[in-house]
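First the proteins, then the strands, lettered A, B, ... as listed; each starts at 1.
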2 protein chains.
Amino acid sequence: MKADALRGHLDPMILAVVEHEPLHGYAIMEALLERSGGELDLPTGTLYPALRRLERAGYLASEWSTVGGRKRRTYQLTSAGTKMLASGKQEWLTFRAVVEGVLRPGQA
Amino acid sequence: MKADALRGHLDPMILAVVEHEPLHGYAIMEALLERSGGELDLPTGTLYPALRRLERAGYLASEWSTVGGRKRRTYQLTSAGTKMLASGKQEWLTFRAVVEGVLRPGQA
DNA sequence: CTTGATAAGTAGAATGGCTACATGTTGCCT
DNA sequence: AGGCAACATGTAGCCATTCTACTTATCAAG
């Protein structure tokens, strides 16, 4: 998959994986990897800054904990984040329709 | 639709509209607008540089003509462009599967 | 004779995902 | 005991591409 085809689509994806349970950064990476069937192997230099950005923007809230000597920062959706996720899903559907309207991907 | 969610997806879309008939820049803009149901209104500052980039990369070839006092540069797919378009369509399907695997967009 | 559509372009800003680097722990393998 | 893989978090700076804003020019309609 092309490098930064993700542009603009990553945020809702991150929000989606913490929708039903709060997760820490590393676990978010693993969840993305798993849900994408191994395709989405985010570098830490992408994920961690993105999480901070989303927190700054008010879509995520975080708290520190220490588990077995390891520090974890666990993120959960805020109510603004929930709304953002919903509208992100909607925007995805629009985007998909636009691309497929132009691309007509059935025709190889 | 978010501004540059297009990132990395625009190139195959441009190639797609000239797949069956050569078009000049302005006509490409109109074709994108029409095929996207009015959603994709590219600024000229996006399209023209993109066309030049695709030509430099060998995916498009262009020639000048003058129609009614207006200069047109008409673009058509090269054979490399045809291949690139095919692989772009394939990549789109992968990308879509990745996003939807993570997003599960059915659930509002 | 001005406005809107047609037509092509450039310069420079901004975005955000990437590479590469930095730091430290735990647990398994030899 | 030593080393490496997995766990865990983070920063600095690069880079590609899309965007805004601008320029130039013709033609048709009003």
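- Along DNA chain C, the nucleotide closest to A/D11 and the one closest to B/Y75 are compared, and the more 5′ of them pairs with B/Y75.
- Of the possible polar contacts, none joining the B/S62 side chain to the B/T74 backbone as a donor-acceptor pair under 3.5 Å is found.
- Between A/H24 and B/L10, it is A/H24 whose nearest contact on DNA chain D lies nearer the 5' terminus.
- In the set D/dT18, C/dA7, C/dC18, the nucleotide with an atom closest to the side chain of B/T46 is D/dT18.
- Between A/R70 atom CZ and C/dT25 atom P the separation is 10 Å, expressed in whole Å.
- Residue contacts shown for A/G69 are limited to sugar-phosphate atoms, with no base heavy atom under 4.0 Å away.
- One atom, CZ of B/R52, and another, C1' of D/dT18, lie 17 Å apart when rounded to the nearest Å.
- The CZ atom of A/R53 sits 13 Å away from the C1' atom of C/dC18 (whole-angstrom rounding).
- Atom OH in A/Y48 sits about 21 Å away from atom P in D/dG13, given to the nearest Å.
- The NZ atom of B/K71 sits 13 Å away from the P atom of D/dC27 (whole-angstrom rounding).
- When each of D/dA8, D/dG10, C/dA8 is scored by its nearest atom to the side-chain atoms of A/R72, the top-ranked nucleotide is D/dA8.
- Contact annotation: the side chain of A/D11 never approaches that of A/M84 to less than 4.5 Å [non-hydrogen atoms, C-beta and beyond].
- Annotation: side chain of B/R53 is not in contact with side chain of B/P49 (no heavy-atom distance under 4.5 Å).
- For A/E30 and D/dA6, the CD to P distance is 11 Å, given to the nearest whole Å.
- Within 3.5 Å, no donor on the side chain of A/R7 pairs with an acceptor on the base of C/dG17, nor the reverse.
- Atom-to-atom, OH of A/Y26 to P of D/dA6 comes out at 8 Å; the value is rounded to the nearest Å.
- For B/L51 and C/dA8, the CG to P distance is 9 Å, given to the nearest whole Å.
- With a 4.5 Å cut-off on side-chain heavy atoms, B/R96 and B/L93 count as touching.
- For the pairing with A/Y75, the side chain to side chain contact (heavy atoms under 4.5 Å, CB included) check across A/E55, A/E63, A/H24 returns one residue only, A/E55.
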